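Data first, discussion second: the structure below is written as structure tokens.
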Amino acid sequence: MKCKHILTALLAAAACTAAAQDGSSGYNWLNVTASSRIYGLGGINITLVDDDIMSADQNPALLGAEQSGQVAVDYMRYLGGSNFAGARYAHSAGERGAWSVGLRYLGYGSVKETLPDGTHVGDFAPKDVAFGGTYSHDFTDRLRGGVSLRMLYSSYAEYTAFALSTDIGLNYYNPDRDLSLGVVLANVGGQIKRFDQAYDRLPFDIRLGWSQSFGNFPVRFSVTAWNLTKWHLPYVDAGDGSAESEPEVKDSFGSNLFRHLVFGADLISSKNFYLGIGYNYKTRTDMSTYSRKFFSGWSVAGGLRARAFNLGLALAQPHSGATTFMVNLTLSLNDLLNR
């Protein structure tokens, strides 16, 4: 029997650093954002109010009629030679609604296929594909709700699977205080067709978020709480790598608290550019079994804005052997046509 079940499990874990050690789901790649700005703010952010449709990546309530006519593409160079890419389009729906459609492809490169005795019998290219749509509606001038539905297709060698995933979100935004509050039920759904006998759960999650700037200070701060369906998120600390050090399971109150929180700050002094920085303690501790650098867990983002397009870039280095890179390009068709 070929060792494909093991490869499948490893690939599912490698696809997303957010769940590299807890192994709670075979679809943790759903937590890898398509937004370079969100990736630079720690990878999870459900309260980033912006006029770019990519900000609705993790909260459908951030989609709005103000983004009508935008088309966006994203590309990400991820861990282990993985490459992710996607595209989406948004349009208004009446006076208070908006909809969007999108497609994302996640490829994990070429993987050797071996027998239990190590005999190489070929190569295969595992991949995941997500296709879906989002609808949002303004209940009041400050409260908006949204829902996203995604169809998920996975192919690992001759094994394939199909699943449905839904995100349901709310966002409250007070422009006078630049205060944004959000809540999301993420990855609600299940697997319709299994890879084989085992059933892989979706990484269902409850998330709460806060973003706000203060007065004339040109920095907006964000805190996002996620993985709220469970308190204990233990991880293994590999030590300093010496022969005397032994792996140790960390499960203290402080460790669990900070593994639920993602911090971000972005410079908003100009409408023409932005800079952002984020810290994800869970990413840092998930990578503790690798050769980790000081920058592990940190991420940065920057972007330029013109009348008809936005360009965003993000960088992170989860461990010394991997630097991840992401780029977004968003075009406003309405601005292009009205020139």
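In this chain, numbering begins with 1 at the start of the sequence shown. Model, not experiment: these values are computed from the prediction. All heavy atoms count here, side chains included; hydrogens, waters and symmetry mates do not.
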**Report entry** CG on Leu62 to CG on Leu170, rounded to 0.5 Å
**Finding:** 11.0 Å
Query raised in the report: Between Asp251 and Asn256, is any side-chain donor less than 3.5 angstrom from a side-chain acceptor?
Result: yes
**Report entry** Cationic N near anionic O, under 4.0 Å, Arg142 to Asp176
**Finding:** yes
Report task. Look at the side-chain heavy atoms of Ile, Leu, Val, Met, Phe, Trp and Tyr, link any pair under 4.5 Å apart, and say whether Leu41 and Leu267 land in one connected group. Result -> no
Query raised in the report: Which value, rounded to the nearest 0.5 Å, describes the distance between Thr33 atom OG1 and Met76 atom CE?
Result: 8.0 Å
Requested in this report: Scan Asn328, Asp266, Asn45 and name whichever one has a side chain to side chain donor-acceptor pair (under 3.5 Å) with Arg37.
Outcome: Asp266
Query - No-hydrogen, no-angle side-chain donor-acceptor test under 3.5 Å, Asn310 and Thr330 - result: no
Query - Check: Tyr235/Asp286 side-chain N/O donor and acceptor closer than 3.5 Å - result: no
Query raised in the report: Do Asp128 and Tyr108 have side-chain atoms, one donor and one acceptor, less than 3.5 Å apart?
Result: yes
Report task. Find out if a path of hydrophobic residues (ILVMFWY) with successive side-chain heavy-atom gaps under 4.5 Å connects Ile268 to Phe221. Result -> no
Query raised in the report: Nearest 0.5 Å, what's the OH-CG distance between Tyr27 and Asp200?
Result: 6.0 Å
Query raised in the report: What residues form a side chain to side chain donor-acceptor pair (under 3.5 Å) with Thr324, not counting sequence neighbours?
Result: Tyr39
Query - Side-chain donor or acceptor of Ser55 paired with backbone N/O of Asp52 under 3.5 Å - result: yes
